[in-house]
Structures are given as structure tokens and as C-alpha cells.
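Residue numbers count from 1 along this sequence.
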Amino acid sequence: MSYSLNIKGQLLSLDEPRVMGILNATPDSFYADSRQQTEREIAARANEIMAQGAAFIDVGAYSTRPGAAEVSEQEEMQRLRTALTVVRREQPGAPLSVDTFRASVARMAVEEYGADIINDVSEGADPAMFRMVARLGVPYILMSVQKDLAGTLMAFAQKVQMLRDLGQKDIILDPGFGFGKTLDDNYRLMAQLERLQVMDLPVLVGISRKSMIYRLLQTNQSQALNGTTALNTVALMKGAAILRVHDVKEAVETVRIVSHLDLSLLTSS
């Protein structure tokens, strides 16, 4: 399907899948190599993400790994202000996604730093979030914490309608791999991922180095790149429009290969 996002009045096409690079401004994200805390580390990561071909930088300041320490709203804002200042200085034209479940943090990121997308991993748990993103007029990533396809589709249908009623335009669906799901739940959902196309909205897949990969392979996060690439390939072939990843270069190459397969099918028919 053909999708586009309105980024500050410019349409960004998703006709070919895009890659979103992760920038974690946290001390405790589940993948240690993804943690950037100093200004130098943040700058280097932002520049690396864009140099390797990503379309978006996704900045987060609150780790959602199991057992992570709770972060206050003030601390999350402070971390984001530091990170977003550096990212805007280094990559002023890069579309920025901010990973937060708090409406107040979303408002700060958009109004103070011009964040382009809000990435909410809580399925809209903050009752003010839907109203906030609709008022801010930025694309919104709605993630599911449901365990199976039926629950995911039901939750998406209900919450997309709520967002539409508030005037929200651009909505991206994230099935939430690793959230509220067992290992087998994750793979069952991946096997049926194409069925989310019934929502007629772009789908984001974020499985980068997650436990669904390294637990199955009996390895760890540092050895999960090959498994990540394999699952990203599956996700693309089942219609994913955005891949959210730690390893941008490898994901961009995966998109290029899968897109060329699709093009070859079209030109041979």
C-alpha cells in the first residue's frame, strides 16, 4: 500500500520502507551498546544514524526494558533536552521521533525542539496523550501491548477511531513485539503480520536485538544482529513500512534487497 507522512508540511513517502535509527539517551537501555549519555556520544550517534541511510532518528530517555528503574517526568525531560539540543545542532534537517508515553513530555519535545513524530509505547496509557498529539498535529506511533493478533486488531480499531475523532491525521501502527507477549506470542504475531494491512495504516516493526531473538537462539543482545536481520526481512515481506533498529546500515541494506525483489517481480510480470 502507498503511505506518506506529513513532516512539517512536507510529505515523506513510505512507498519504499524506511529505517528509524534508535538513539537512547539513557544509562540502562537493554542493549548496552545503544546507550548514549555524553554530548559527544549523542552527536556521534545522530551523525552515524543519518550517514548510514536512516530516514528518522528516534530519541528516547526512558528505558522500557523489564525491571528498568522508573524515571521521573523531570528527569526524562532533562535527558531529552540535552539529547535533542545536540541532535538538532548536528542534524538540523533530520526528522525526529521522540519515544515517550507522557503527554507533557511529547508537548515539550514538539514545542521546544520541533520533534516530528511521537512514538508512544504504552498504547495511549496517558489519557491526555491522544488529545495532545492531535493538538500538536504530528504523526503518532500507536503501539499495541496485546498478546495476539485478534486483541491487537481490536485495540487498534478502537484507539484509531478515538484518535480520528480527535482529528489526528497521521497514525503509524506498532504491533509491540516484546511488550505483553511471550516468546511464542511474538512469533505467532510476526507470522500473521500482513493481516495488519486491513487497518490501511503504515506498520512499524521494532524487533532489533530483542529477547524474542536471543532467547530463541540461546545467545545474547550482542549476538542478535543476524537474527534481527532475518526477522526484519520477514517483516518487510509482510508489509512493514518502517523498521526501528539499532543497526542502521544493515537494516538499510535489508530494505534495499527486499525492495529490489519486489521490483523484480513487477518487471517480470
Enquirer: With no hydrogens and no angle check, is any side-chain donor or acceptor of Glu90 less than 3.5 Å from a backbone partner on Ala43?
Expert: no

Enquirer: Quick one: closest heavy-atom pair of Ile42 and Val87, and the distance?
Expert: CG2-CG2, 3.9 Å

Enquirer: Any heavy-atom pair between the side chains of Phe101 and Asp126 that's under 4.5 Å?
Expert: no

Enquirer: Kindly determine whether Lys159 and Asp120 satisfy salt bridge (Lys or Arg N to Asp or Glu O under 4.0 Å), including the steps that lead there.
Expert: CA-CA 13 Å; Lys159 302 213 168 185; Asp120 180 2; over 6 Å; no

Enquirer: Does the side chain of Met237 reach to within under 4.5 Å of the side chain of Thr233, using non-hydrogen atoms?
Expert: yes

Enquirer: Same hydrophobic cluster for Leu196 and Tyr187, using side-chain heavy-atom links shorter than 4.5 Å among ILVMFWY?
Expert: yes

Enquirer: Between Gly114 and Lys8, what is the shortest heavy-atom contact and its length?
Expert: O-NZ, 2.5 Å

Enquirer: Nearest 0.5 Å, please: how far is CG in Leu153 from CG in Leu173?
Expert: 9.0 Å

Enquirer: Cut-off 3.5 Å, side chains only: do Asn220 and Ser222 have a donor facing an acceptor?
Expert: yes

Enquirer: Using a 4.5 Å cut-off on heavy atoms from C-beta on, say whether the side chain of Arg18 contacts that of Leu5.
Expert: no

Enquirer: Please determine whether residues Leu201 and Val138 belong to a single hydrophobic cluster, defined as Ile, Leu, Val, Met, Phe, Trp and Tyr linked transitively by side-chain heavy-atom distances below 4.5 Å.
Expert: yes

Enquirer: Counting N and O atoms only, with roles assigned by atom type, does the side chain of Glu76 sit under 3.5 Å from a partner on the main chain of Val105, one being a donor and the other an acceptor?
Expert: no

Enquirer: Quick check on side-chain contact (heavy atoms from CB on, under 4.5 Å): which of Thr228, Val234, Thr229 does Asn232 satisfy it with?
Expert: Thr228

Enquirer: Compare all side-chain heavy atoms of Thr100 with those of Tyr62 and state whether any distance is below 4.5 angstrom.
Expert: no

Enquirer: How long is the span from the CE atom in Met108 to the CD atom in Gln78, to the nearest 0.5 Å?
Expert: 10.5 Å

Enquirer: Got Thr182 and Lys147 here, is their nearest side-chain heavy-atom distance under 4.5 Å?
Expert: no

Enquirer: I need the minimum non-hydrogen distance between Arg79 and Ala25, along with the two atoms involved.
Expert: CD-O, 3.5 Å

Enquirer: Under the salt bridge (charged side-chain N to carboxylate O under 4.0 Å, His left out) rule, collect the residues that match up with Arg88, sequence neighbours excluded.
Expert: Asp116

Enquirer: List the steps and the verdict of side-chain contact (heavy atoms from CB on, under 4.5 Å) for Leu163 and Tyr140.
Expert: CA-CA 10 Å; Leu163 285 159; Tyr140 176 64; 3.7 Å; yes

Enquirer: Would Met212 and Leu217 show up in the same hydrophobic cluster when neighbours are defined by side-chain heavy atoms closer than 4.5 Å?
Expert: yes

Enquirer: Return yes if some donor-acceptor pair links the side-chain N/O of Glu41 with the main-chain N/O of Thr38 below 3.5 Å, else return no.
Expert: yes

Enquirer: Would a single hydrophobic cluster contain both Ile257 and Ile242, if residues Ile, Leu, Val, Met, Phe, Trp and Tyr are joined by side-chain heavy-atom contacts under 4.5 Å?
Expert: no

Enquirer: If you draw a 6.0 Å radius around CZ in Arg164, do more than 12 non-hydrogen atoms from other residues or ligands fall strictly inside?
Expert: yes

Enquirer: Measure across Pro175 and Leu204 and return the closest heavy-atom pair with its distance rounded to 0.1 Å.
Expert: CD-O, 3.2 Å

Enquirer: Hey, any chance Tyr3 and Ile117 share a hydrophobic cluster, counting ILVMFWY side chains that come within less than 4.5 Å of each other, even indirectly?
Expert: yes

Enquirer: Distance check, rounded to the nearest 0.5 Å: Arg209 atom CZ versus Asp247 atom CG?
Expert: 4.0 Å

Enquirer: Would you check if Arg188 and Lys181 make a side-chain contact, meaning some heavy-atom pair closer than 4.5 Å?
Expert: no

Enquirer: For Ile7 versus Pro95, what's the shortest heavy-atom pair and its separation?
Expert: CG2-CB, 4.4 Å

Enquirer: Can a donor-acceptor pair be found, under 3.5 Å and without considering hydrogens, that links the side chain of Asn186 to the backbone of Phe177?
Expert: no

Enquirer: Do Arg89 and Val86 have side chains that approach each other closer than 4.5 Å (heavy atoms only, starting at C-beta)?
Expert: yes

Enquirer: Please test Gln168 against Phe130 for side-chain contact (heavy atoms from CB on, under 4.5 Å), starting from the C-alpha separation and ending with a verdict.
Expert: CA-CA 8 Å; Gln168 177 65 21; Phe130 287 4; over 6 Å; no

Enquirer: Would you find a donor on one side and an acceptor on the other, under 3.5 Å apart, between the side chain of Lys238 and the backbone of Ala191?
Expert: yes

Enquirer: Under the side-chain contact (heavy atoms from CB on, under 4.5 Å) test against Ser208, which residue among Met20, His246, Arg244, Gln221 passes?
Expert: His246

Enquirer: Contact between Gln52 and Val19 at the side-chain level, heavy atoms closer than 4.5 Å - yes or no?
Expert: no

Enquirer: Output the distance between atom CG (Leu84) and atom CE (Met77), rounded to the nearest 0.5 Å.
Expert: 11.5 Å

Enquirer: Above 12 or not: heavy atoms from other molecules or residues under 6.0 Å from CD of Gln10?
Expert: no

Enquirer: Give the minimum heavy-atom separation between Ile57 and Ala46, together with the two atoms involved.
Expert: CD1-O, 3.9 Å

Enquirer: To the nearest 0.5 Å, what is the distance between OG on Ser4 and CG on Leu12?
Expert: 8.5 Å

Enquirer: Give the C-alpha distance, both sets of side-chain angles, the deciding distance and a yes or no for salt bridge (Lys or Arg N to Asp or Glu O under 4.0 Å) between Glu48 and Arg45.
Expert: CA-CA 5 Å; Glu48 177 184 59; Arg45 178 58 177 160; 2.7 Å; yes

Enquirer: Between CD1 of Ile172 and CG of Asp174, what distance do you get to the nearest 0.5 Å?
Expert: 9.5 Å

Enquirer: Under 6.0 Å from the CG atom of Asn6, do we count more than 12 heavy atoms belonging to anything else shown?
Expert: yes

Enquirer: Take a 6.0 Å sphere around NZ of Lys169 and say whether it holds more than 12 heavy atoms from other residues, nucleotides or ligands.
Expert: no

